[in-house]
Amino acid sequence: VLATKTLSISTMANTSEENSGNLKKQLAKLFEASLRETVPSKHDVEPLVAACTAKFGDYQCNNAMSLWSKIKGKNTDFKGPPAVGQAIMKNLPPSEMIESCSVAGPGFVNVVLSKTWLAEKIQNMLVDGIDTWAPKFSIKRAVVDFSSPNIAKEMHVGHLRSTIIGDTLARMLEFSKVDVLRRNHVGDWGTQFGMLIEFLFEKFPNFEDVNERAIGDLQAFYKASKQRFDTDSAFKERAQKAVVCLQGGEPKYRQAWAQICDISRKEFDKVYQRLGVHLEEKGESFYNPFIPGLIEGLSNKGLVQESEGARVIFIEGINIPLIVVKSDGGYNYASTDLAALWYRLNEDKAEWIIYVTDVGQQQHFDMVFKAAKRAGWLPAGDCMFPKASHVGFGLVLGDDGKRFRTRATEVVRLVDLLDEAKTRSKAALVERGKAEEWTEEELEQTAEAIGYGAIKYADLKNNRLTNYTFNYDQMLNDKGNTAVYLLYAHARICSIIRKSGKDIEELKKTGVLVLAHPDERALGLHLLQFAETVEEACTNLLPNVLCEYLYNLSEYFTKFYSNCQVVGSAEETSRLLLCEATAVVMRKCFFLLGIVPVYKI
Ligand code: ARG
């Protein structure tokens with residue numbers, strides 16, 4: 001096995017199964033065998049295989065230098081790293097996938113892959129489906145905790161980012177056959193409910209009649225109740241009592257709480273429905289009953305200490321402790337997250353628990369995870385499963401470089417944001433004359449795919465830790481690295497195939513794909529790098545890696561298409577198959593990014 005110290009592809013992926021799609025891994029297997037042969041005394045050397053940056057080959061093995069430093073001065077016949085490299089090359093087991101090898105500089109072993117083999121692999125994928133290129137992971141179940149807005153408060157662009165990023169991560173894991181629990185950890189518990197419930201009773205003495213129409217805007221309702229809370233001490237007192245009643249489970253209070261949650265939920269669902277995102281709600285309230293027992297268990301282990309009236313867990317290397325019981329005896333965000341983590345490990349039996357929130361919560365999660373390690377719930381090392389990961393992201397900025405808002409002070413209503421993108425993309429389509437060409441339904445669907453796709457892609461293409469500027473003109477531009485450009489590129493490929501008049505399903509069975517021209521080969525190789533790309537994006541929880549791959553794919557295709565005639569050429573069949581393979585891979589990328597593909601434009 002390929003042992004590593006960090007969480008890498010090899011620790012996560014099941015190496016015993018054949019990874020038919022993953023070039024890097026297949027080469028690593030060959031080099032592993034060679035390394036064992038080359039230096040039998042060092043049988044646990046991990047093969048270091050990477051895509052070539054220079055033109056010497058497609059992949060390279062970088063073990064020679066580090067291996068040399070391990071064996072030099074000891075009983076060895078090698079004269080230096082280049083000689084080690086030569087031996088590694090010589091000892092490679094014969095394989096159909098390799099066309100030629102060479103050793104460069106201080107011992108890099110460069111590999112040129114066989115065109116015939118590459119072509120065959122692509123053709124197999126066309127016949128057997130792209131799922132044969134899915135990564136294979138050793139874990140069975142994961143929790144992705146994402147979106148997670150707070151009841152009665154606004155769902156802001158931060159939650160939109162969490163929803164988009166979390167959905168993609170879930171999709172990539174699901175594609176890799178991991179059972180994913182998509183958890184919406186909504187903020188549905190806490191002291192704000194006291195004032196909300198009390199305000200509800202006041203406004204609607206017959207509160208069973210309450211519905212969203214009566215309340216209207218829940219955010220305004222929140223503001224009004226907060227105002228009352230801050231200015232009227234009698235109200236404040238009643239609100240504080242209401243919290244106790246709610247937490248004590250008094251039916252009338254529970255019912256009012258449930259009604260408020262329900263109104264919020266309907267608002268959230270409008271966003272999820274537009275985005276095509278599915279989530280299962282298990283909010284903070286769900287974990288509440290587990291907290292007392294867990295705190296007691298942690299106290300018995302000697303982990304919980306008294307500090308300024310509160311009960312806390314000290315974490316090595318962090319100067320503030322994790323408060324698990326507030327000085328007033330109540331629980332907080334951290335107590336809930338400890339309970340949720342415990343539940344996910346022990347009841348959900350998840351092996352990887354992924355939290356998608358803004359980077360501002362990084363320390364919170366760091367402390368929760370470290371407390372869980374101290375408690376022995378999680379293994380001490382970072383590379384081992386079960387594992388918890390925080391997926392942080394940066395801010396969304398407006399054109400003024402400040403936190404994104406519509407008007408000067410107001411927060412953005414997410415539904416409006418999505419509708420605007422759709423309206424604009426529809427206008428662009430109408431301008432291109434599509435209103436005459438298409439049915440109203442086609443126009444609507446395409447506008448939606450492009451508008452929502454543009455918002456998602458503009459978010460996902462950046463490294464998630466960086467802030468980005470929200471700009472409709474940029475994201476809806478049909479040139480450059482945008483969803484619009486990519487969706488058009490896909491539609492164009494589909495139209496090439498349609499216009500050929502050939503039955504592509506038939507060609508898959510009878511035709512032969514060859515990669516003769518250098519631009520065909522470059523495109524073919526990139527297609528085959530899909531599997532390792534998804535695996536990397538998934539392992540490092542970085543959707544931008546997949547976006548970059550998709551953008552490059554479309555660039556490779558453009559180069560191929562401008563230099564190689566497809567329809568009407570002698571190579572038509574082969575080239576149509578290459579077009580189809582590109583379209584299939586593009587569509588899978590879109591799917592994993594939560595973008596609906598467009599077939600004609
Ligand atoms: N409700 C929180 C917020 O809006 C996010 C919750 C994230 N998940 C968690 N398990 N803490 O900031």
Side-chain angles (χ1 to χ4, degrees), residues 142-170 180-193 196 218-219 222 226 257 260-261 264-265 267-269 271-272 277 279-291 294 313 315 322-324 326 331-348 350 352-372 377-378 386-396 403-404 411-414 464 541:
V143 164
V144 182
D145 172 325
F146 68 113
S147 193
S148 310
N150 301 314
I151 300 288
K153 296 194 192 161
E154 97 281 344
M155 186 180 188
H156 53 71
V157 274
H159 295 119
L160 182 70
R161 286 211 78 178
S162 175
T163 309
I164 292 171
I165 296 170
D167 180 52
T168 299
L169 296 175
V180 179
L181 306 176
R182 297 163 154 259
R183 288 285 154 81
N184 201 357
H185 190 84
V186 296
D188 64 355
W189 207 239
T191 45
Q192 82 267 28
F193 280 99
L196 286 168
L218 198 54
Q219 277 176 48
Y222 183 90
K226 177 90 171 73
W257 168 78
I260 294 169
C261 291
S264 257
R265 195 172 293 127
E267 278 303 307
F268 301 157
D269 281 345
V271 174
Y272 301 142
V277 171
L279 277 146
E280 181 209 349
E281 184 182 317
K282 256 198 169 74
E284 292 181 5
S285 62
F286 176 85
Y287 302 101
N288 211 258
F290 299 94
I291 299 176
L294 282 174
I313 299 178
I315 314 283
L322 184 72
I323 300 173
V324 291
K326 294 186 290 181
Y331 302 126
N332 62 8
Y333 192 52
S335 359
T336 309
D337 260 326
L338 272 178
L341 180 53
W342 179 89
Y343 186 90
R344 289 161 179 181
L345 288 165
N346 296 287
E347 298 296 323
D348 288 333
W352 199 7
I353 301 151
I354 297 165
Y355 298 80
V356 189
T357 78
D358 61 286
V359 278
Q361 298 195 32
Q362 194 185 319
Q363 189 178 56
H364 162 77
F365 286 108
D366 190 33
M367 289 171 81
V368 170
F369 299 166
K370 285 193 171 132
W377 299 352
L378 287 171
K387 183 181 161 63
S389 304
H390 177 236
V391 172
F393 53 79
L395 297 174
V396 184
R403 213 178 259 266
F404 185 48
V411 289
V412 187
R413 282 197 57 216
L414 297 186
R464 56 180 163 75
L541 304 166

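Fair warning: this is a prediction, and the values are worked out from it, not measured in the lab. Both ligands and their constituent atoms are indexed starting at 1 by order of listing.
The residue from D167, L541, D145, V144 that alone fulfils the side chain to side chain contact (heavy atoms under 4.5 Å, CB included) condition with V356 is V144.
Between D337 and ligand 1, an N or O atom pair is found at a separation short of 3.5 Å. Distances between N or O atoms of D145 and those of ligand 1 include at least one value under 3.5 Å.
Atom CZ of R403 sits in a sparse spot, with 12 or fewer heavy atoms from other residues, nucleotides or ligands closer than 6.0 Å.
Interface atoms of ligand 1 facing Y355, defined by a heavy-atom separation under 4.0 Å, are 10 (N). The ligand atoms of ligand 1 that sit less than 4.0 angstrom from a heavy atom of T357 are 7 (C).
Under the 3.5 Å distance criterion, with hydrogens and angles disregarded, no donor-acceptor pair is assigned to the side chains of N288 and S285. No hydrogens or angles considered: nothing links the side chains of Y355 and D337 as a donor-acceptor pair under 3.5 Å. With no hydrogens or angles considered, no side-chain donor-acceptor pair links D366 and H390 at under 3.5 Å.
For atom 6 (C) of ligand 1, the nearest non-hydrogen atom of the protein is Y333 OH, 3.2 Å.
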Discussion item. Assess the residue pair V324 and Y331 against the criterion (side chain to side chain contact (heavy atoms under 4.5 Å, CB included)); give the C-alpha distance rounded to whole Å, side-chain angles, the decisive distance to 0.1 Å, and a yes or no.
Written reply: CA-CA 6 Å; V324 291; Y331 302 126; over 6 Å; no
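For Q361, the heavy-atom gap to ligand 1 drops under 4.0 angstrom. For the ligand labelled ligand 1, residue H159 lies inside the 4.0 Å heavy-atom shell.
Heavy atoms of F365 found under 4.0 angstrom from ligand 1 belong exclusively to the side chain.
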